[in-house]
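Residue numbering restarts at 1 for every chain, and letters A, B, ... go by the order of the sequence lines. Model, not experiment: these values are computed from the prediction.
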2 protein chains.
Amino acid sequence: MSSGRPREFNVEEALDRALKVFWRRGYEGSSLPALTKAMRISRPSLYAAFGNKESLFRKAIDRYVEGPAAGIRSALGEATARAVVERVFCTSIELLTDSRNPRGCFLVQGALACGDTADCLRREMAKRRDEFVVALRERFERAVAEGDLASNADPADLARFVATVLHGLSVQASSGASRRELERVAQIALRAWPA
Amino acid sequence: MSSGRPREFNVEEALDRALKVFWRRGYEGSSLPALTKAMRISRPSLYAAFGNKESLFRKAIDRYVEGPAAGIRSALGEATARAVVERVFCTSIELLTDSRNPRGCFLVQGALACGDTADCLRREMAKRRDEFVVALRERFERAVAEGDLASNADPADLARFVATVLHGLSVQASSGASRRELERVAQIALRAWPA
DNA sequence: TGCTTTATGTACCATTTGATATAGAAAGGC
DNA sequence: GCCTTTCTATATCAAATGGTACATAAAGCA
C-alpha cells in the first residue's frame, strides 16, 4: 500500500506548541486560529492529525504529564518521604516558573472552571491531579511501613496537603510570584512535615 | 424630572445570580444566554443595568469580596496572628464547600487562564488576590510588633504561605474534596506556623 | 389627558466559533 | 508515465458569540 504525501510538520512539535497555548489561555480561551497559528499548521491539518479541539487537548494533557511535569512524578523515587516532598516542591517550582513555559500548572489552570461543553475536560483534569495525590499517598504509606514516616501520620492527609501546597504555588506562579518567593513558601510548608 | 418605568427585577439579586454563573463556569465559560437565564432578565435589561459582560464581571468581583468572601477578610480582626490564620482557614473552608455556592474560590477560578480579550480580568483577579496577601502581611507585621509572632518570622513570606494554602484549598474544593478533608489539610498547614 | 422618561421583549446585527468540502500538491507503487 | 494515497490550502459552513435597534409598556409630572 502506498504511503501518500508525507506530513510537512512534526506532530510532537505541533503538540508541544498546542500545549503551550492551552497552558497559557486555558481550553476555552484557546481559539482555533490561536492554536493553528502557534502550531504553524492549517486547520485541516490539525483536524487530520489530532481529531478535534477536545481530542487535541486530551493529547496535550498526556504530553504535559509525560513531558514537562514528568520530573515531579519522578520525585517519588527519593529515599524518604521528606525527601520526596522536598523534591516535589523543588521540581514543581522550577516547572511553574520556567520562563520557557506559561506560568503555573497546566493541570490546574487548563480547565478549572468552564462551561458545560468543556465540563468533561474539567473532570479529566481533576482526575489527573488526583492521580498524583494517590501516588503520593501510596508513597507515604510505604514510608510509614519503612519507618521513615511516623506511624501516627495519615498518608492520605499528608498527600492532600502536599497537593494543596502544590496547587496553591501554581496560582501564585500564575499571578506572577518569583521563584524565590515560591521557594520560601515551600520552605515554610515543609515545617509542617512530621519530624 | 420624571423617573420612568421602574425596574421589574432586583439589581443585587440579579448580580448574585450572575456571580454564581461566573463562579462556576469562569468568565469565558459564561455565555450571555447562561447569564440572562440565571439572572432571569432579558439581554437588554442586563446591558442597561450592568453595561456589558466585562463590566458585569467586575461588579460580580466586588459583590463576591463584599459578600460571600467578606468573612475571610474579617478574620484579620482576631487577637493573634495564629488565631487570624486559624480563622482564615476555617472561614475559607466553609465558603469553599458551602453547598449553596459553586465549589472553590471565585477569585481563583473566575479567570485564572484565558484568552487575550479577558486578560485584563485575569490580572484584576490576581490583583484582588494580592490585596488579601498584603492585608495578611500587614496584619503579621503588626503581630510581630505586638510580640505574638516571633520577630525572626518574615510577615511577607508567611502571608504568601497562607494565601498559597488558601488557593490550594480552592483547587481541592473545586475538584470535589470534602469539608473534612480540607479541614485536615488546614490542620497540617497550621503545624508550619511559628510556635 | 398628554408628555417625558425609563424598562422590557423581540428581532436582529456583525463577528467569531469549531468544523468541512473540495481542489490541488507531493510522495510511493506499478 | 500513471494511479493511488495522503497531506495542504482556500474557501466555506452552520451555530454560537457578544452586543443593539426598535417598538412597546409602565411609571411620574404637567
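The backbone N or O of B:L76 sits less than 3.5 Å from a side-chain atom of B:R139, completing a donor-acceptor pair.
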Pairs: protein N or O with nucleotides 8-14 of chain D N or O, under 3.5 Å:
unit_1: D:dT8; atom_1: OP1; unit_2: A:E8; atom_2: N; d: 2.7
unit_1: D:dT8; atom_1: OP2; unit_2: A:S45; atom_2: OG; d: 3.0

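Nucleotide D:dG18 holds its C1' atom 11 Å from the CG atom of B:L46, rounded to whole Å. Between the OH atom of B:Y47 and the C1' atom of D:dG19 there is a distance of 5 Å, given to the nearest Å. Whole-Å rounding puts the B:K53 NZ to D:dT20 C1' distance at 17 Å. Whole-Å rounding puts the A:L35 CG to C:dG18 P distance at 8 Å. The CZ atom of A:R40 sits 21 Å away from the P atom of D:dC7 (whole-angstrom rounding). Residue B:R25 contributes atom CZ, which lies 11 Å from atom P of D:dG18 at whole-angstrom precision. Atom pair B:Y27:OH and D:dT17:C1' shows a separation of 11 Å (rounding to whole Å applied). The distance from atom CD of B:E28 to atom P of C:dG18 is 11 Å, rounded to the nearest whole Å.
The closest side-chain heavy-atom distance from A:E124 to A:R58 is below 4.5 Å. Taking the side chain as every heavy atom from C-beta outward, A:V171 and B:R129 approach each other to under 4.5 Å.
Contacts of A:S30 with the nucleic acid, taken as non-hydrogen atoms under 4.0 Å apart, involve only primed sugar atoms and P, OP1 or OP2.
Two rings, from B:F57 and B:Y64, have their centers 6.0 Å or more apart.
Heavy-atom contacts from other residues, nucleotides or ligands closer than 6.0 Å to CD of A:E131 number more than 12.
Below 30°, between 30° and 60°, or above 60°: for A:F9 and A:F50 the angle between ring planes is between 30° and 60°, a tilted geometry.
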